[in-house]
There are 2 protein chains.
Amino acid sequence: MNDSGENGEKKRSRRPVAERTAHRDPERTRAAILEAATREFAENGMGGARVDAIAERAGTNKRMLYHYFGDKEQLYLKVLEEAYVGIRTAERALHIGDRSPEEGIGELALFTWRYFLQHPEFLSLLGTENLHRARWLRQSVRLKELHSHLIGELSDVLEQGKKQGVFIQTADPLHVYLTIASLGYFYLSNQYTLSTIFGRDLIEPTHLNAWERHIVHVTLASIKR
Amino acid sequence: MNDSGENGEKKRSRRPVAERTAHRDPERTRAAILEAATREFAENGMGGARVDAIAERAGTNKRMLYHYFGDKEQLYLKVLEEAYVGIRTAERALHIGDRSPEEGIGELALFTWRYFLQHPEFLSLLGTENLHRARWLRQSVRLKELHSHLIGELSDVLEQGKKQGVFIQTADPLHVYLTIASLGYFYLSNQYTLSTIFGRDLIEPTHLNAWERHIVHVTLASIKR
DNA sequence: CAAGCCGGTAACTAAACAGTTACTTGATGG
DNA sequence: CCATCAAGTAACTGTTTAGTTACCGGCTTG
């Protein structure tokens, strides 16, 4: 979703006539719009994002954007849906039940943190959507079932840990996931105000690594007997 | 923020210089604009907030808004600064060092959670400011010293706990505060998308209380020996 | 080979926007 | 009692915005 080599220069939208034929590529155009929209919405929010800016970033124009996605709101919802599909798909590949319960939870915590770290646009989109009280996400039908799998798998691992006597009986799957997500989300999405008010650059590798270890430590400390 | 129960029934007592009619009350107008702006920015972000809407909510007009605050950006910064002053001021009144270390930390966790719960506009403003990478907060000079007090006091409590042997030696004040803030912030600011995708209404009192207990539990579990 | 379809361009429009200006109203002091 | 000044109003302005329309040109196919 990120690279797509091509002539990624924003300023140059002018192309030679002979080259135009090569640019008639609907799927590429569609994908370019979606990627440009992801960045624009992530950087500026729903209210701040500019349709013209998305078209320019995608190396196309508004006509195509409206052609493929209807309007600004539908494009935004598409972007949001794709973002969720991205993390949940990667998550499934983990198979946290294959290891010991303790390792499984630690693995999930590490994965979530690193995914957040590598996909700042996902965090940003979540923030925007929550500012609007999930106004658009609520309209999406296809997302509901995506998430039940996560809780189901997590629940199994916790049950196994409880049986083995390594986890406390009160450990709740949703609480555990929210704990992991909280610690990663807040640190990264609020890094700018936090770095400013506490005078410490939180994005520095040293601090980043320390927080990664902290997340695993806190998560496990909160459920271990 | 105000004592705006009455609209200005002051004619009965003596006639000071500041005696005004109900229609001419600069301080009330200023305060009304600030409060209206807080709500508008919290609900719509910087890009989505409308100057006309703020003026209307404040029961005045744009002319006054520009007169008192300069422009939209300065008004926004003022709103943000006041929000920070609000939480840090309330925090100071806690005196977490007066109790046992364990109680002190628990108290701070409870306070932070409840403050977040009662001031959703604060969370929203933080989200907006971080979307813009602290662009405006960075320009604020008067905020830096507000926050060192918090870390200092927290640090003292942790040290005391370490000496008494109840806290682990590696407990770090900033990490502890970030842990508390993370758990409260994420749950509340992301409640809309979370409730939607997990099909559980997180703002229900039952779940709210459970999460409050969870925050205290996690925080203490992560630093206790 | 022409008809029309499809990917694409660019200029346009109506509305919304931040910020300004010209004006009103009423209190105060000389 | 009028000159002055500050609080407040409302209409205006230039620009930006989401969304539309008119058009272009090569490719496919009957």
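So that the names make sense, note that chain A is the first sequence line, chain B the second, and so on, each numbered from 1.
Atom CG in A:Leu65 sits about 12 Å away from atom P in D:dT20, given to the nearest Å. As rounded to whole Å, 16 Å separates atom C1' of D:dA18 from atom CD of A:Glu56. The nearest whole Å value for the distance from the CE atom in A:Met46 to the P atom in D:dT17 is 14 Å. One can place NE2 of B:His67 at 18 Å from P of D:dA10, the figure rounded to the nearest angstrom. Rounded to whole Å, atom C1' of D:dA18 lies 13 Å from atom CG of A:Leu75. If you measure from atom CG of A:Asn44 to atom P of D:dT17, you get 11 Å, rounded to the nearest angstrom. In this structure, CE of B:Met64 is placed 8 Å from C1' of D:dT9, rounded to the nearest angstrom.
Sorted by residue number, the list of members of residues 128-137 of chain B with any non-hydrogen atom under 4.0 Å from DNA chain C is empty.
The distance between the ring centers of B:Phe122 and B:Tyr84 falls below 6.0 angstrom. When ring centroids are compared, A:Phe186 and B:Tyr185 come within the 6.0 Å threshold.
A salt bridge links B:Arg114 to B:Glu212: at least one charged side-chain nitrogen sits closer than 4.0 Å to a carboxylate oxygen. A:Glu43 and A:Arg57 are joined by a salt bridge, as a carboxylate oxygen and a charged side-chain nitrogen come within less than 4.0 angstrom of each other.
Between the CG atom of A:Leu202 and the CG atom of B:Leu178 there is a distance of 6.5 Å, given to the nearest 0.5 Å. Note that NE2 of B:His207 is 8.0 Å distant from CG of A:Leu174, once rounded to the nearest 0.5 Å. If you take OH on A:Tyr115 and CZ on A:Arg88, they are separated by 9.0 Å, rounding to the nearest 0.5 Å.
For A:Asn61, taking side-chain heavy atoms from C-beta onward, the closest of the listed nucleotides C:dG8, C:dG7, D:dG8 is C:dG8.
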- Task: Produce a footprint string for nucleotides 12-22 of chain C: one letter per nucleotide, 5' end first; B if the base is under 4.0 Å from any protein heavy atom, S if only the sugar-phosphate is, - if neither.
- Result: -----SBBBBB

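Neither OP1 nor OP2 of C:dG7 sits under 4.0 Å from any side-chain N or O of A:Thr60.
Counting only N and O atoms by type, the side chains of A:Glu129 and B:Thr193 include no donor and acceptor under 3.5 Å apart.
B:Ile33 and B:Tyr68 get closest at one heavy-atom pair: CD1-CD1, 4.0 Å.
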